[in-house]
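A short worksheet on the structure shown next.
Keep in mind that what you see is a predicted model, and the values were worked out from it rather than measured. Any value given below was found using the heavy atoms of this structure, including those in side chains, with hydrogens, waters and symmetry copies removed. Just so we're on the same page: letters track the sequence lines, and every chain starts at 1.
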Amino acid sequence: MFFHIVLERNMQLHPRHFGRNLREHIISKLMKDVEGTCSGRHGFVVAITSVENIGKGLIRDGTGFVTFPVKYQCVVFRPFKGEILEAVVSMVNKMGFFAEAGPVQIFVSNHLIPDDMEFQSGDMPNYTTSDGSVKIQKDSEVRLKIIGTRVDATEIDKNISQSRPKWDPAGSHPSRFFCIGTIKDDFLGVINDPTTI
Amino acid sequence: MSLATDSPVNSSSSDDLAAFLDAELDSNSLGSSPEKEAEDKDEDEESIDEEAENEEARDDKDLERIKRRKTQIVETIQERPGPTSLGNLEEKTDMLYCAEVSLGTDNCPHPGSLGGMCYRCGKRLEEESGVTFSYICKGLRLGNDEIDRLRNTDMKHLLRHRKLYLILDLDHTLLNSTLLLHLTPEEDYLKSQADSLQDVSKGSLFMLAFMNMMTKLRPFVHTFLKEASEMFEMYIYTMGDRPYALEMAKLLDPSREYFNARVISRDDGTQRHQKGLDVVLGQESAVLILDDTENAWTKHRDNLILMERYHFFASSCRQFGYHCQSLSQLRSDESELEGALASVLKVLKRIHNIFFDELANDLAGRDVRQVLKMVRGEVLKGCKLVFSHVFPTKFPADTHYLWKMAEQLGATCSIELDPSVTHVVSTDARTEKSRWAAKEAKFLVDPRWIETANFLWQRQPEENFPVQQTKPEENFHAKQMKDQ
């Protein structure tokens, strides 16, 4: 779920930036440092919308660096247990499928896939109903419910997402949200079949 | 495509029963819900470990509660197949009511976990039990029941597609790798002959500078993989580490159609110097293994097809103690159409054929190990062997590996000479038994005749394996033999 919250951060600035463009430097450094990162408490910072207040700078003893407390408003994204999300399927195997909702990765095991859907292996592994009407394969969009979440302070598993995703250009913060989901309840499942228009 | 009409939950089929039970349980549930509400108020809103049950109970919408209960009831009906006549509905209702309440307090059997969370109920698991399957997805652990269940479903699925399982070793079986610093000066010419890494489907010699290695694929390997993939679901199982295993998989299978995620490295095995089928999601009765090292598979010898080692680089020969010229130094290579992979492919086709077409009993009861034994036993059928100057004196002959190998290949072995003997296996042409063989016009062969038959799965022409008149020199195929 998305939230628009106020966060605070202490930005350290090198003296070479002191001058006319001090404020711009602080804001650009803030954006570079914070956008795309993830914390366990707030989730992913998607974008900074505005800077509320930049406090008085404090010179650090011993170095020339100055610390500015910056209050800013930003949009964050964090998955919650019980939440219903739409996600795009990224990988299907016999244990279930992986789906991604932006930076959040969700695993739906085959226990929580409706019983009438069976796994078909092959070139494009998929789950299909017995009459072939509903199919879950890579790039399908599904609506699922999250039943468990966890912050993972490890590297992104390269097997799942090959390229660096758009939301993490700097690749700075190695933590991720990982969730377990289900599509076994009412109104959950495939929203959009990629093979039909 | 739409969700409302194609509701995946099976409630549409058992709506009536569920509605009936709903009415029954409605009278009972009013007692339990106030307790749940009291608990909820104490919990922190943002706590991740809350039960979904509690969150929904906090909602004052009765509709949602009933729907949730309905879903759970439907699920429990699935789990308890049995007569649904109205007669025992009374007891069943009670049983289901208990099940419903306990499902709320997590009756989930936790079949497996991903990242520390059970993937069936989402609960954070404190102790991690079961076998790790990191090669499928990182952080995946499966409990034993789940592994059995998966093995069974996978087995049925594969048998329907007429496929068995094939586990392939990498080093010395499908390819040969060497570190760049182990290359001898005579092998430097290889550096200029390396194939491009952009299109690996036609190449066989690759320079992997980022790993400081060079890899040579065994001749015939591309055809082998293509044809074997039609009969088998293939796994790579190597004693190398995971990055190495994944790189080699990329060379052998760039489009990920043969192995996909089924690449098992030593980091995935449960025991340190042993390979095991416990990390393979397939029934042991349908698995065949291709490996050059027998000792790695002590628990699964019956599934193993031993391969002749592929020594392309000089460092590989040194590693095993051979002092002869390697294939790279001789600027030659194993024959493509008559090499080890081609012969093994023929054997695999034969086994596959027998398993699916010739075995009479029920598909689930067939065992590929039996077929393997049978095919192996046909190689030297009809031969009766006597060994001379092969075992040390006073050695119990029937425990020697050559004796056992010959028996597995279908030959009968004996210690004494008699007219029914067909072959004398010897290392010295001057012994009494050897001279007897020459006199009686029996075949006199070197022990390598048995070993070659074992690798090529065919009885070899005996004239290619004459016994040396003098002490035999060490050669490529010699294993550790006790000469006396």
State the [atom1]-[atom2] distance between [X] and [Y], to the nearest 0.5 angstrom.
X	Y	atom1	atom2	value
B:Cys118	A:Ile147	SG	CD1	7.0 Å
A:Met91	B:Asn260	CE	CG	7.5 Å
B:Met117	A:Lys81	CE	NZ	10.0 Å
B:Lys123	A:Ile180	NZ	CD1	14.0 Å
B:Tyr119	A:Asn110	OH	CG	6.5 Å

Side chain, backbone, both or neither: which part of [X] has a heavy atom under 4.5 Å from chain A?
X	answer
B:His161	neither
B:Leu114	both
B:Arg262	neither

> Given a strict heavy-atom distance threshold of 4.5 Å, which part of A:Phe107 is in contact with chain B: side chain, backbone, both, or neither?
Replying inline: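 Only the side chain of A:Phe107 comes within 4.5 Å of chain B.
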Decide if atom [atom1] of [X] counts as having more than 12 heavy atoms of other residues, nucleotides or ligands within a radius under 6.0 Å.
X	atom1	value
A:Arg20	CZ	no
A:Ile59	CD1	no
A:Lys94	NZ	yes
A:Glu118	CD	no
B:Gln198	CD	no
A:Arg60	CZ	no

> Does B:Gly115 offer a backbone N or O that forms a donor-acceptor pair with the side chain of A:Arg150 under 3.5 Å?
Replying inline: yes
> Any idea which of B:Glu233, B:Glu146, B:Glu257 has the most non-hydrogen atom pairs under 4.5 angstrom with chain A?
Replying inline: B:Glu146
>> Please rank B:Leu281, B:Asp154, B:Leu150 by heavy-atom pairs under 4.5 Å with chain A and give me the top one.
In response: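 Sorted descending by pairs with chain A, the first entry is B:Asp154.
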